[in-house]
Amino acid sequence: MKKIILKAGKEKSLLRHHPWVFSGAISRTEGYPVDGDTVQLYSSQGAFLAQAAYHASAPIAARVWSWQEDERIDEAFFYHKIVQALALRKDVGAYQEHSGFRLVHGESDGLPGLVVDCYDRVVVLQIGSVGAERWRKTFMEILKKICDPICIYERSDTDVRALEGLEKRTDILWGELPDNLTIEENGLRFAIDIAQGQKTGFYLDQRDNRAKIRTLASGKDVLNCFCYTGAFSVYARQGGAQSVLSVDSSEDALKLAQRNIALNGLSTDSLQWQCADVFQMLRKLRDQNRKFDLIILDPPKFAPTAAFADKAARGYKDINLLAFKLLRPGGILATYSCSSGISSDLFQKIVAGAALDAGVSAHIISQQIAAPDHPVLLSFPEGAYLKGLLVRVGI
Ligand code: SAH
């Protein structure tokens, strides 16, 4: 049997069912485990703790598959896990009501290193750990059985793969990728670029937050920063926005965004698209004395880990401060952070500091998180990476 024995006292987080073991917690190994092997984790006192995937040279040296000693980690085990994940999506409505949803959300679904997004009948697999990499073919076979796909596409090109010593991989694993793939979300249609798009093609996690923006947009002048596929702009226009200025640094993103407006048969009157750096654009708008009623700030991840928190905090403060200055009295800022390294407490403090420095008083009217097909396992708070605040500035 392959075993890992932890140092004294290092079993505490596992006893709370947190699924990671850092390399510094390991006292010794037995049975010569190699990377990707399933190992049994034991406390220094000899008590069984969990079964995990081992990765000798990684900062996270073991990621838990199971808390049961007698469970076999095999195809049937993973099949059951993915069926359980699907059941959750059915319960929260993500499966029936939208044709794009996240089926597997890594650690939060008990499957560390595995993300699976479904776009209609195209399944996108993203593997981010050596442990999950070992089971790539198994995952593919299971997804064929459970999802009845026409294509399984691998988008294993995240930066975390480098930390795990894995090469980036993007390719069709099975079937054929259809041209012009679209999904339906809250009654709206979006084109999905699986091969070249960001993440696995679309930001599914913002689904409910976009729906909220639709309810706030009527008659408003909207500024959508970091617009990517223009999804917030599409919702805002459908919700009756008077004008929408959408900004992104990627030309391709802006093309996709305009296609999404057309796909939904929405009017292009007073819709503007700017290919620009948001940090500079906000300054330009300030200097032009432009004003908006609703501003959306949904930037990319500034802090992938806590080590980047300080630099990220400065970035968030800067854009939030500028946005506050561009809002009319009574205007609303919808501001987001998808940085795991920034807690929701810290994010709120940054936004509060930005309001103070902008000289506005503001109230939080709603706190937002990722849609429930990105669930947060109570024992894994790191899963709550997306934080949003809807803030209304005083009149
Ligand atoms: N709001 C989007 C997701 C945003 S993803 C949605 O709902 O789908 C982040 C986007 O920010 C990407 O499209 C990226 O091209 C863009 N981006 C990154 N840095 C930028 C910058 N400094 N200025 C403008 N856009 C930027």
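Counting starts at 1 for both ligands and their atoms, following the listed order. Just so you know, residue 1 is the first one in the sequence shown, and it goes up from there.
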Go through ligand 1 atom by atom and flag the ones less than 4.0 Å from a non-hydrogen atom of [X].
| X | value |
| --- | --- |
| Thr229 | 8 (O) |
| Pro300 | 9 (C), 11 (O), 18 (C), 19 (N) |
| Cys227 | 2 (C) |
| Gln198 | 5 (S), 12 (C), 13 (O), 14 (C), 15 (O) |
| Tyr228 | 2 (C), 3 (C), 4 (C), 8 (O), 13 (O) |
| Asp298 | 1 (N), 2 (C), 3 (C), 4 (C), 6 (C), 7 (O), 9 (C) |

Below the 3.5 angstrom mark, is there an N/O of [X], backbone or side chain, next to an N/O of ligand 1?
| X | result |
| --- | --- |
| Phe226 | yes |
| Phe279 | no |
| Ser249 | yes |

Side chains of Asp37 and Tyr32: donor-acceptor distance under 3.5 Å anywhere?
no

Indicate whether any N or O donor in one side chain lies under 3.5 Å from an N or O acceptor in the other, for Arg214 and Gln238.
yes

If you measure from atom 7 (O) of ligand 1 to every heavy atom of Gln280, Arg207, Arg210, which option wins on shortest distance?
Arg210

Pick whichever of Ile296, Asp248, Leu256 has a heavy atom sitting closest to atom 16 (C) of ligand 1.
Asp248

Is Leu143 close to Leu103 at the side-chain level, that is, under 4.5 Å between some pair of heavy atoms?
yes

Quick one: does any side-chain atom of Glu184 pair with a main-chain N or O of Arg189 as donor and acceptor, under 3.5 Å?
no

Above 12 or not: heavy atoms from other molecules or residues under 6.0 Å from CG of Leu263?
yes

Give the intermediate values and the outcome of salt bridge (charged side-chain N to carboxylate O under 4.0 Å, His left out) for residues Glu30 and Arg28.
CA-CA 7 Å; Glu30 285 179 11; Arg28 61 177 204 281; 3.2 Å; yes

Describe, in one word, how the ring planes of Phe302 and Phe279 are oriented to each other, choosing from parallel (under 30°), tilted (30 to 60°) and perpendicular (over 60°).
tilted

Look at the rings of Phe347 and Tyr316 and say which category their plane angle falls in: under 30° parallel, 30 to 60° tilted, over 60° perpendicular.
perpendicular

Nearest heavy atoms of Leu114 and Ala132, plus distance in Å
N-CB, 4.4 Å

Does some non-hydrogen atom of Ala276 fall short of 4.0 Å from ligand 1?
yes

Does ligand 1 have a heavy atom under 4.0 Å from the side chain of Phe232, from its backbone, from both, or from neither?
side chain

When distances are taken from atom 23 (N) of ligand 1, the protein heavy atom at minimum range is Val278 N, 2.9 Å

Starting from atom 22 (N) of ligand 1, which protein heavy atom do you reach first, and at what distance in Å?
Asp277 OD1, 2.7 Å

Chi angles and distances behind the salt bridge (charged side-chain N to carboxylate O under 4.0 Å, His left out) call for Asp159, Lys168:
CA-CA 8 Å; Asp159 294 339; Lys168 294 188 174 182; 3.5 Å; yes

